[in-house]
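This report concerns only the one structure given below.
These numbers come from the heavy atoms of this one structure, side chains and all, not from hydrogens, waters or symmetry mates. Whatever order the structure lists ligands and atoms in, that order sets their numbers, starting from 1. Fair warning: this is a prediction, and the values are worked out from it, not measured in the lab.
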Amino acid sequence: MIDFDAHLAPYAAHSSKSRGRLHPEPAAGSRSEFQRDRDRIIHSTAFRRLEYKTQVFLNHEGDLFRTRLTHSIEVAQIARTLARSLRLNEDLVEAVSLAHDLGHTPFGHVGQDVLNECMKDHGGFEHNLQSLRVVDELEEHYGAFDGLNLTFETREGILKHCSPNNARQLGELGQRFIDKKQPSLEAQLANLADEIAYNNHDIDDGLRSGLLSMKQMEEVELFARLHRQVVQQYPGLPGRRELYETIRLMITAMTADLVETSAALLAETAPKSIDDVRESPPLIRFSPKMREETTALKRFLYANLYRHYKVNRMRVKASRIVRELFEAFMTDPVLLPFDYQVTPGDTLKQARKIADYIAGMTDRYAIREHKRIFSLDEL
Ligand code: MG
């Protein structure tokens, strides 16, 4: 039997001590429990759809922008680097990172907001909870169970936030939101790796799309400081390389800060096990200064990119598509593929099925489906 945990710190998530799966399965032997989770995620249907789902830009706007698939891979890369530095479980952070966006609707956040509004009398819609629903129930791959039957630790990492109401329905997994306790360090880490990834790649995509300019970026203190460093080191570097060098330094600055701050906190708190971690305050953190700088960056991106009028136009169009699809299916469930129709009269169940159907759509599928429902020229 391979010892998958030999190199890990005592406070890491150990494969041999996993709280297990909802449906018990014999150990894989050649892979740790979390490697196995990661592999199931990669082979899932929802994972493949990430390629055609977007966060800021629509999938068809350009071939070079991030999609949820490339975003998730970047998150996993950053998270693994951080995990190795802190002797945490790389397999677990990878599994959590690759699964963290599986429940996202088409069209990024606007899709989730509209679907949540549409579902307000039917239990609401929350993408984070939907990611869990995908891996626990919706994937149809195995003979013995619905979903992917992942370990408690991977599921815990996927569920980043949760309302007390929803938490009460989730049993053991929801308990920490009621008790206000922390998840594993790996879950905390994947969450911050997500932030590092999107803050940096959105600068890149924002500039590439022409919605942001280098001059504007100088308003962001962290960017301006590292950009100056690049210009000094490589005078006259062509624009794109100058930008990549700056982003590279930003990712390095953020990851180095996170490792240093968290390592000091871990040394001071000295948790002896993952259970100690769950009882402690968050131990994976940025320094106060870096937290301030990343908050300023986020604020800048919100005002100048996420609320750029060209992005707004797309958001409004996307929200119309999601709303009209939901309303059409609710009014006439017979328009739905047979798999998504329930016994007439069960409104709650029908609404959830429609939310599952819409949430599972890629951007381009949603656009096509909207045409099929509303245009006489399409079938
Ligand atoms: Mg993300």
* Heavy-atom side-chain proximity of M361 to K53 below 4.5 angstrom -> no
* Could you please spell out the steps behind the side-chain contact (heavy atoms from CB on, under 4.5 Å) verdict for D276 and T269? => CA-CA 9 Å; D276 286 355; T269 317; over 6 Å; no
* **Pairing residues for F329 by the ring pair (Phe, Tyr, Trp, His ring centres under 6.0 Å) criterion, not counting sequence neighbours** => Y357
Side chains of [X] and [Y], donor plus acceptor under 3.5 Å:
X: H100; Y: N191; answer: no
X: Q130; Y: D356; answer: yes
X: D346; Y: Q350; answer: no

* Polar protein atoms (N, O or S) that approach the Mg ion (ligand 1) to under 2.8 Å -> H71 NE2, H100 NE2, D194 OD1
